[in-house]
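Throughout, protein chains are lettered first and strands after them, A, B, ... in sequence-line order, and every chain is numbered starting at 1. Worth saying up front: this structure is predicted, and the values here are computed from it rather than measured.
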Protein chains: 2
Amino acid sequence: MAVTQDDPTVGTAERILDVAERLVQTRGFNGFSYADVAAELGITKAGLHYHYPGKAELGEALIARYSVRFAEALGQIDDTVRGAHARLAAYAGLYAQVLSGDRMCLCGMLAAEHQTLPQPMRSAVNGFFDENEAWLTRVLAQGKSDSTLSYDGSSRDAARTVLAALEGAMLVARAYGEPARFQSAAARTLASLAVS
Amino acid sequence: MAVTQDDPTVGTAERILDVAERLVQTRGFNGFSYADVAAELGITKAGLHYHYPGKAELGEALIARYSVRFAEALGQIDDTVRGAHARLAAYAGLYAQVLSGDRMCLCGMLAAEHQTLPQPMRSAVNGFFDENEAWLTRVLAQGKSDSTLSYDGSSRDAARTVLAALEGAMLVARAYGEPARFQSAAARTLASLAVS
DNA sequence: GTCTATAGGCAGATAGAC
DNA sequence: GTCTATCTGCCTATAGAC
């Protein structure tokens, strides 16, 4: 994701999202404050409230932008990568990119804090997972139909399993500060779907 | 885990852990306060500080007790369950039990908040994962040697993948409030290790 | 062991000037 | 759009009585 924090052509609202996004992905929604964001941008807390009335609205905006960007990345994969297995590898690569910035998936982090979130944020988090599941389901079904992938049961259940495995791999890899742990687990997960 | 909260034979220190544990597993370490625990136990915040000087010490005590109990449960499996596959299923059952109380794995939750935790808690969280990995590694190696399990690469890497997959499955299942999502993902993960 | 009382700080949020 | 100033409430933590 682009660093817009020092780009004068980017509006304050976007730069707030950039800083807040990083803070949520590294510290959690309950682990950062308006003061943290304001200090980093060199403005005051009151300035933030002009752009986002409350933390809940800021949170919703974060998930909305993250979901759009992720959907765009998935569209990019559809357009540029051929073959179900290669697409899954590219999908895992998106996660690896996030992790390389010492970040957790935004919605994976928020999933942990789910019970403490305002309702609109909860729905948005699940919506993100739903979109990922739908994309994965399509790719998996494609791979099954052209016999480049093999798995039992529904594509949807397999998609859910892949999503959960990658989120978990990020979670643990980040605790150790070892992105290689993610790479290994992701490779294994995808390998389990390869034709035998 | 036993409910000691209303048992007069159980000391206050233990009951504090019971309440705090549930709060951390459901809301996160940054999502609960001494006031929450005190109110639920009917004592004052000052009373808590007598038993645990600060939130950091309380957190360390939580992980320590959780790790001991988990290790005991693993020992129980070793003693009562035969066969690598059945042991893995029992292991996943431990997670399912936690999830059935709408809780996340204590250390999975703390892993998300890792960057905000005091150093001793960070080490303890990773220690919990290390113990789990060691146990899983043993079970997987056993299954491979007696040909009841099949997987490529090192047992340690396979163990890490299983651990991460189960933690991720809990994380996502909890966001949806659907334990069945965990069951499905866990069953798939174990099935991928079965002999073909 | 548990209480009252209180400290000092930070949280999210608002009013109103510029 | 961003500021200063301020509010209210909650946070972790401590001192000292009982």
Side-chain angles (χ1 to χ4, degrees), chain A residues 4-24 26-63 109-110 113 115-122, chain B residues 4-24 26-63 109-110 113 115-122:
Chain A
T4 61
Q5 199 178 337
D6 296 321
D7 183 339
T9 72
V10 173
T12 304
E14 284 282 304
R15 283 191 276 181
I16 291 168
L17 291 182
D18 292 337
V19 173
E21 182 179 77
R22 199 192 67 249
L23 287 171
V24 173
T26 52
R27 305 181 50 86
F29 193 72
N30 296 324
F32 88 104
S33 71
Y34 263 43
D36 296 329
V37 180
E40 209 164 318
L41 289 173
I43 64 175
T44 60
K45 288 184 289 173
L48 291 189
H49 283 285
Y50 170 79
H51 296 281
Y52 303 98
K55 212 183 173 186
E57 288 80 13
L58 173 55
E60 289 175 55
L62 284 174
I63 304 168
M109 180 66 85
L110 295 175
E113 301 176 291
Q115 214 153 62
T116 72
L117 301 178
Q119 224 291 312
M121 284 185 68
R122 294 194 204 188
Chain B
T4 61
Q5 200 177 337
D6 295 323
D7 183 339
T9 71
V10 173
T12 304
E14 284 283 302
R15 283 191 275 182
I16 291 169
L17 291 182
D18 292 337
V19 174
E21 182 180 76
R22 198 192 69 250
L23 288 171
V24 173
T26 52
R27 305 181 51 86
F29 193 73
N30 295 325
F32 88 104
S33 71
Y34 264 43
D36 296 328
V37 179
E40 209 164 318
L41 289 174
I43 63 174
T44 61
K45 290 181 287 174
L48 292 189
H49 283 285
Y50 170 79
H51 296 282
Y52 303 99
K55 212 183 173 187
E57 289 79 13
L58 173 56
E60 290 175 54
L62 284 174
I63 304 169
M109 180 65 85
L110 295 175
E113 302 176 291
Q115 213 152 66
T116 72
L117 301 179
Q119 225 290 312
M121 285 185 68
R122 294 194 203 189

Item to check | salt bridge (Lys or Arg N to Asp or Glu O under 4.0 Å) between Glu40(B) and Arg22(B), intermediate numbers included | outcome: CA-CA 11 Å; Glu40(B) 209 164 318; Arg22(B) 198 192 69 250; 2.5 Å; yes
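Under the ring pair (Phe, Tyr, Trp, His ring centres under 6.0 Å) criterion, His51(A) pairs with no residue at all, not counting sequence neighbours.
Atom CZ of Arg27(B) is separated from atom C1' of dC11(D) by 14 Å (rounded to the nearest Å). As rounded to whole Å, 19 Å separates atom P of dG9(D) from atom NZ of Lys55(A). Going from atom CG of Asp36(A) over to atom P of dG12(C) covers 8 Å, rounded to whole Å. The nearest whole Å value for the distance from the CG atom in Leu48(B) to the P atom in dA15(D) is 17 Å. Spacing between atom OH of Tyr52(B) and atom C1' of dT12(D) amounts to 17 Å, rounded to whole angstrom units. Here the P atom of nucleotide dA17(D) and the OH atom of Tyr50(B) are 18 Å apart, to the nearest Å. Atom-to-atom, CG of Leu41(B) to P of dG1(C) comes out at 15 Å; the value is rounded to the nearest Å. Atom-to-atom, CG of Asn30(B) to P of dT12(D) comes out at 10 Å; the value is rounded to the nearest Å.
Nearest-nucleotide positions on DNA chain D place Gly47(A) closer to the 5' end than the other of Ala46(B) and Gly47(A). Where Lys45(B) and Thr12(B) each meet DNA chain C at their nearest nucleotide, the meeting point lying more 5' is that of Thr12(B). Heavy-atom nearest nucleotides on DNA chain C were determined for Ala35(A) and for Pro53(A), and the one closer to the 5' end corresponds to Ala35(A).
Using a 4.0 Å heavy-atom distance criterion, Tyr34(B) is classed as a sugar-phosphate-only contact. Residue Phe32(B) is in sugar-phosphate contact alone, with no base atom involved, counting any heavy-atom pair closer than 4.0 Å across all strands shown. Residue Thr44(B) is in base contact, counting any heavy-atom pair closer than 4.0 Å across all strands shown.
Between dA11(C) and Ser33(A), a contact under 4.0 Å exists linking OP1 or OP2 to a side-chain N or O. Contact between the side-chain N/O atoms of His49(A) and the OP1/OP2 oxygens of dG1(D) is not found at any separation under 4.0 Å.
Distance alone, capped at 3.5 Å, places no donor-acceptor pair between the Tyr52(B) side chain and the Gly59(B) backbone.
The minimum heavy-atom distance linking Phe29(B) with Leu110(B) is given by the pair CB-CD2, 3.7 Å. When every heavy atom of Leu58(A) is checked against every heavy atom of Leu17(A), the shortest pair comes out as CD1-CD2, 3.7 Å. Thr116(B) and Arg27(A) get closest at one heavy-atom pair: CG2-O, 3.5 Å.
Recorded end-axis angle for the helix from dG1(C)-dC18(D) to dC18(C)-dG1(D) stands at 10°, based on five pairs per end and rounded to 10 degrees.
Here the CZ-CD distance, from Arg122(B) to Glu60(B), works out to 13.0 Å after rounding to the nearest 0.5 Å.
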